[in-house]
Amino acid sequence: MSTPYAKLPAWADYGLIPVINLFVAFVVAGFVVLLVGENPFRAAVILVEGAFGKGTGIAFTLFYATTFIFTGLSVAVAAHCGLFNIGTEGQAYIAGLGIAVVCLAFDSVLPWWLTFPLAIVASTLVGALWALIPAYLQAKRGSHIVITTIMFNFIAASIMVFLLVGPLKPAGSQAPQTRNFLAGAELPKLNWIIELFGAKIHSAPLNVTFLLALIMAFLVWLLIWRTRLGYEMRTYGHSPKAARYAGISETRIIITAMMISGALAGMMALNPVMGDQHNVAIDFVSGAGFVGIAVALMGRLHPVGIVLAAILFGMLYQGGAELAFEMPAISRDMIVIIQGLVILFAGALEHMFRPYIQALFASFSPRSVGMEAVKGKGA
C-alpha cells in the first residue's frame, strides 16, 4: 500500500510552492527569450529594473498592482464559497457606468474627497447588482456560474460600447468616451510617498485607490476568517451538503458571496477611471479581470498572497513595457507570452510539483523517521 503524502506546513504551501512555480515559469520564459536571440539574464535584469529600479517604475508597478488587488480579491471571495467568478471583467467594466454618473454630475460642485466616497458607493453598487443576476440564476435555477458570468462579460461590454459611442459621448467628439472629468473627480497622487525615500518621479498615475485596495484586502481577511458569514461561505465552499445540514441557506450564501465579489470588482474601476484617465473610455479594464484569476490562485486565495501576487503582475506589466523598449526583438506579444507562462504555472499547473514536495516532507517527517528506526530494530 502506498504511503499517503504528508500535509505541508503553511510556509511551504503558501510560500515555497508558489515560488517554485514562479521560478519554473521564468525559466521557461528564459528559453523563449533565448529563441529570439536575446540574453535571458539581461532581459530579467531589465524587467526588474524597469519595475523597481526607479521611482517612476515603482509608482507604475503599484498602480497596476492596485487594479489586480481588487480583481484578485473579487475572485477569491467567490472561490471561498465554491464559486468560480469569471465575470470580474464585466462587473468592473459596467461599474464604470456608476462612476461616470457620479463624476459627471458632481465633478464641478464637489471636491474630490466628497466625490470619491460617492463613486465608491456607485461602483460597488453597480458591480454587486451586475453579479446578482448570475448569482440568482445559480442559486434558484441551477445555471452554472461560469457560463453565466462569461455571458455577462459580453453583455456588459456591449452596453458600455453603446453608451460610450452614443449617450455618454460629448457632442462633436469622435472618441468613444465620456468628457474629461473636472478637478472634483480627479484623485490625488501618492507619488510623494515614494519621493520621501529619495526617488524622483516624473509622472505616474499611482493614486489613493492603492490605499483603498490595501484596506479592502484587510477587510476581506476579516470577512473570511473572522466573521460568521465568512465561516458559512467557507463551509459551503468545502461541502455544500454539510452547509445545508448545518442550516445554511444555499440561496442566501451564494447571492451574498457573489454580490460581495461583484462589489470588489466594481471598485477596480476607480483606479483607471478617476486615478488615471479622468474619463470612462472603451475597454478601460483591459483584461484585468482575467489577470485577477491568476492573482487569486497564485495568492492562494489569501489577501496577503493576493497583494504580493498583484505586485508581481504589476512588475510584469511595467517591467515588460521597459523590456519591449530596451530589447526591440522582444515585442509586447512576447511579454504577453511571459505573463501567460506565469498564469499557466500559477494556475493550471499549480499542483504539478506538490506531490514531489509532499513526498520530500514526508520522508523527513518525525513519524517517517520513527518508522524507519522501528524497521531497523526489527531487522
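In what follows, every heavy atom counts, from backbone to side chain, and hydrogens, waters and symmetry copies are set aside. These figures come from a predicted structure and were not determined experimentally.
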Is atom NZ of K169 surrounded by more than 12 heavy atoms (other residues, nucleotides or ligands) closer than 6.0 Å?
-> yes
Enclosure of Y136 OH (heavy-atom neighbours >12, cutoff 6.0 Å) | no
Answer yes when R252 and E232 have at least one side-chain N-carboxylate O distance shorter than 4.0 Å, and no when they do not.
->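 Result for this pair is yes, salt bridge flagged.
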E250 and R244 ion-paired at < 4.0 Å |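 A salt bridge is present here (some side-chain N lies under 4.0 Å from a carboxylate O).
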Just one of V101, V280, L163 clears the side-chain contact (heavy atoms from CB on, under 4.5 Å) bar with L168, so which one?
-> L163
Under 3.5 Å, is there a donor-acceptor pair between the [X] and [Y] side chains?
| X | Y | answer |
| --- | --- | --- |
| D276 | N271 | no |
| Q318 | Y64 | no |
| S261 | N85 | yes |

Nearest 0.5 Å, what's the CZ-CD1 distance between R234 and I253?
-> 11.0 Å
Hey, quick one: are L323 and V336 part of the same hydrophobic cluster, counting side-chain heavy atoms closer than 4.5 Å, chains of contacts allowed?
->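 In one cluster with L323: V336, no.
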Is it true that F154 and L137 fall in one hydrophobic cluster, defined by side-chain heavy atoms closer than 4.5 Å?
->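 Yes; L137 is reachable from F154 via cluster members.
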Heavy-atom distance under 4.5 Å between the side chains of [X] and [Y], does that happen here?
| X | Y | answer |
| --- | --- | --- |
| L47 | E322 | no |
| T209 | F116 | yes |
| L34 | E38 | no |
| T61 | I58 | no |
| L264 | T71 | no |

For the residue pair F60 and F63, categorise the inter-ring angle as parallel (less than 30°), tilted (30 to 60°) or perpendicular (more than 60°).
->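 If you compare the ring of F60 with that of F63, the planes turn out perpendicular.
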Could you check F284, F290, W130 and say which one makes a ring-ring contact (aromatic ring centres under 6.0 Å, His included) with Y93?
-> F284
